[in-house]
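Below is one structure, written out as structure tokens; the observations come after it.
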Amino acid sequence: MIRRLSTKLLNVCVSSLCKSRNLDKAEAVIIDGIRLGCLPDVVTYNTLIDAYCHLVGVDEAYVILYRMREAGVRPDVITYNSLIAGATRCCLPSRSLDLFEEMLQAGLVPDDWSYNTLMHCLFKCGYPEDAYKIYLDMLSKNVAPSLTTYNTLINGMCKTGNAMNGLRLFRNLKRLGFSAELVTYNTIINGLCKSGRIGEARRILKELGESDCVPNEITYTTVMKCCFRNGRFEQGFEIFSGMMNKGYTSDVFAYCAAISALIKMGNLEDANACVEQMLRNGIGLDKACYNTIIYLQCKEGKIDYAFQLVNEMEEAGLGSDQYTYSILIDGLCRMGYIDSANKQLHMMEMRGFLSNLVAYNCLIDGLCKLGEVDLALKLFHEMKSKDDYTYTSIVNGLCQKSRFHAASKLLLNCLKEGSSVLTSTHRAVIAGLQSAGFRRDAKRLKASLRVASLLRY
DNA sequence: TTAGGGTTAG
């Protein structure tokens with residue numbers, strides 16, 4: 001009895017230390033406990049494993065699992081659920097599946113939580129068909145799906161391009177014995193907004209208003225962003241003001257969305273005022289928010305201040321990411337500082353941010369705008385992947401230098417590779433060829449473009 | 001375990 005009570009006390013201590021992100025102290029307390037004869041139990045280890053998954057990584061958490069086994073404490077379903085959730089956060093689907101298998105091998109029976117997490121992992125990492133198989137497996141093993149199971153399915157469907165299936169499932173919830181909760185509403189509204197089904201999203205929003213659920217800051221920012229995405233700025237800002245009036249004054253997502261919209265509108269003065277208001281409200285800036293403010297400074301040409309903010313962000317322990325670098329590279333190119341932009345690109349690669357298509361595009365565009373189209377072409381040929389932005393910049397750059405035949409050739413290559421450029425760029429190439437006296441070539445290009453659009457290559 | 005974010009052309 002005394003031992004049980006003291007283990008309970010040990011667990012309270014470990015839990016509290018883990019919550020305050022003090023993993024070293026939590027481990028020290030466990031060691032002290034063992035020395036005093038108070039042995040950690042499955043709850044102690046589960047607490048530690050979950051904290052390691054959240055704060056360090058799934059590999060480090062797995063080390064605790066070894067120690068747990070060595071200490072003669074048998075892992076349970078909760079242990080594995082935490083580990084699967086950890087693998088999900090890092091988008092490691094094979095790892096999640098292996099852990100699930102390991103759980104079965106250990107003779108444990110996965111619960112709805114295990115299935116939900118595994119399904120979420122597979123959706124998140126781009127394997128919707130496998131996620132559906134897990135759902136069927138869940139049913140075949142007579143594990144009752146919960147509302148979270150359906151929320152996860154609706155979310156997964158929306159995020160993998162099947163918002164209408166998500167909506168069908170949403171409509172079937174009652175038949176399955178559930179009524180939608182706020183998470184369900186927010187999930188489907190976001191899915192419908194993102195897939196352009198604004199009318200459907202509005203209908204669900206109306207239903208949410210008539211339900212017992214109370215919209216929260218997530219609902220408001222979801223709808224607000226939908227308005228901004230569709231160019232309905234006035235409506236979006238009405239929602240933002242409404243949010244503020246309702247007391248949602250400390251939501252970093254809402255401020256970031258509003259600041260980004262103001263930048264897009266070219267209203268840098270109000271964007272700055274919004275930043276000030278956010279800071280006055282004592283909102284702690286996160287990485288995305290810093291990036292938005294850095295973007296604002298770049299737009300204003302305050303590149304030194306932008307770099308100062310990057311330092312501030314790194315000193316705050318947030319670290320910069322591929323977005324930070326792309327924003328800086330774009331800002332430097334706009335100011336004509338191509339060498340510095342190049343330096344940032346190398347730093348970006350050295351730091352392992354390899355998805356830098358946007359950064360390359362900024363450089364290519366910057367070089368073209370400075371008339372350095374040959375340097376831009378050199379970079380273009382070095383690029384492993386290209387998109388519509390790449391081709392549009394380079395084709396425009398060639399047109400500016402009156403190299404219409406090269407532009408025409410690239411334009412056709414672009415269509416063959418499944419990319420497309422703006423129709424204004426098509427027109428620029430055709431008009432260029434015509435004005436340079438190559439009327440037959442212009443006619444031929446026009447015909448090829450028409451065929452390409454019919455074949456949709 | 002499930003819901004909202006940031007960058008590039010014209």
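This structure is a prediction, so every number in the text was calculated from the model and none was measured. Below, chain A is the first sequence line, B the second, and so on; all start at residue 1.
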Taking donor-acceptor contacts at under 3.5 Å, does the side chain of [X] reach the base of [N]?
| X | N | answer |
| --- | --- | --- |
| A:Ser326 | B:dT7 | yes |
| A:Thr221 | B:dG4 | yes |
| A:Asn361 | B:dA9 | no |
| A:Asn396 | B:dG10 | no |
| A:Asp286 | B:dG5 | yes |

Q.
I'd like to know if the side chain of A:Asp321 reaches the main chain of A:Tyr323, judged simply by a donor and an acceptor atom lying under 3.5 Å from each other, with no hydrogens or angles considered.
A. yes
Q) Okay, side chain of A:Ser15, backbone of A:Asn11: is any donor-acceptor separation there less than 3.5 Å? A) no
Q: Please identify each residue that fulfils ring-ring contact (aromatic ring centres under 6.0 Å, His included) with A:Tyr391, with sequence neighbours left out.
A: A:Phe380
Q | Listed partners of A:Tyr220 passing ring-ring contact (aromatic ring centres under 6.0 Å, His included), at least two apart | A | A:Tyr248
Q | For A:Asp270, salt bridge (charged side-chain N to carboxylate O under 4.0 Å, His left out) partners two or more places apart | A | none
Q | Results of side-chain contact (heavy atoms from CB on, under 4.5 Å) for A:Ala261 - residues two or more places apart only | A | A:Phe228, A:Phe233, A:Phe237
Touch check for [X], heavy atoms < 4.0 angstrom, all strands: base, sugar-phosphate only, or nothing?
| X | result |
| --- | --- |
| A:Arg427 | nothing |
| A:Thr222 | sugar-phosphate |
| A:Cys362 | sugar-phosphate |
| A:Leu422 | base |
| A:Ser260 | sugar-phosphate |
| A:Asp251 | base |

Q | Pairwise distance CG(A:Asn272) to CD1(A:Ile259) - rounded to 0.5 angstrom | A | 9.0 Å
So does [X] get a side-chain nitrogen or oxygen closer than 4.0 Å to the phosphate oxygens (OP1/OP2) of [N]?
| X | N | answer |
| --- | --- | --- |
| A:Lys194 | B:dG5 | yes |
| A:Asn151 | B:dA3 | no |
| A:Lys225 | B:dA3 | no |
| A:Lys369 | B:dG10 | yes |
| A:Asn155 | B:dT2 | no |
| A:Arg334 | B:dA9 | yes |
| A:His120 | B:dT2 | yes |

Q. Pairs in or reaching into residues 122-133 of chain A: which pass side-chain hydrogen bond (donor to acceptor under 3.5 Å, both in side chains), with residues at least two apart or in two chains?
A. none
Could you go through residues 343-354 of chain A and list every donor-acceptor pair under 3.5 Å that involves a side-chain atom there, pairing it with any protein atom two or more places apart or in another chain?
{"residue": "A:Glu349", "atom": "OE2", "partner": "A:Asn356", "partner atom": "ND2", "Å": "3.2"}
{"residue": "A:Glu349", "atom": "OE2", "partner": "A:Tyr360", "partner atom": "OH", "Å": "3.1"}
{"residue": "A:Arg351", "atom": "NH1", "partner": "A:Glu314", "partner atom": "OE2", "Å": "3.3"}
{"residue": "A:Arg351", "atom": "NH1", "partner": "A:Ser320", "partner atom": "OG", "Å": "3.1"}
{"residue": "A:Arg351", "atom": "NH1", "partner": "A:Tyr325", "partner atom": "OH", "Å": "3.2"}

Considering only heavy atoms, which members of [range] lie under 4.0 Å from some atom of DNA chain B?
| range | value |
| --- | --- |
| residues 310-325 of chain A | A:Asp321, A:Tyr323 |
| residues 46-54 of chain A | none |
| residues 262-278 of chain A | A:Lys264 |

**Q.** Set of side-chain hydrogen bond (donor to acceptor under 3.5 Å, both in side chains) partners for A:Lys159, sequence neighbours left out
**A.** A:Asn155
Side-chain donor-acceptor distances from residues 395-413 of chain A under 3.5 Å, at least two apart:
{"residue": "A:Asn396", "atom": "ND2", "partner": "A:Thr392", "partner atom": "O", "Å": "3.2"}
{"residue": "A:Lys401", "atom": "NZ", "partner": "A:Gly371", "partner atom": "O", "Å": "3.4"}
{"residue": "A:Arg403", "atom": "NH1", "partner": "A:Asp374", "partner atom": "OD1", "Å": "3.2"}
{"residue": "A:Arg403", "atom": "NH2", "partner": "A:Asp374", "partner atom": "OD1", "Å": "3.1"}
{"residue": "A:His405", "atom": "NE2", "partner": "A:Asp441", "partner atom": "OD2", "Å": "2.6"}

Q: Using the disulfide (SG to SG under 2.5 Å) rule, collect all pairs that involve residues 120-187 of chain A, keeping only residues at least two apart or in two chains.
A: A:Cys91-A:Cys125
Q.
Can you identify which nucleotide, out of B:dG10, B:dG5, B:dG4, has its nearest atom closest to the A:Ile218 side chain?
A. B:dG4
Q) Is the gap between the ring centers of A:Tyr150 and A:Phe178 under 6.0 Å? A) yes
**Q.** A:Tyr389-B:dA9 aromatic stacking (under 5.5 Å, under 30°)
**A.** no
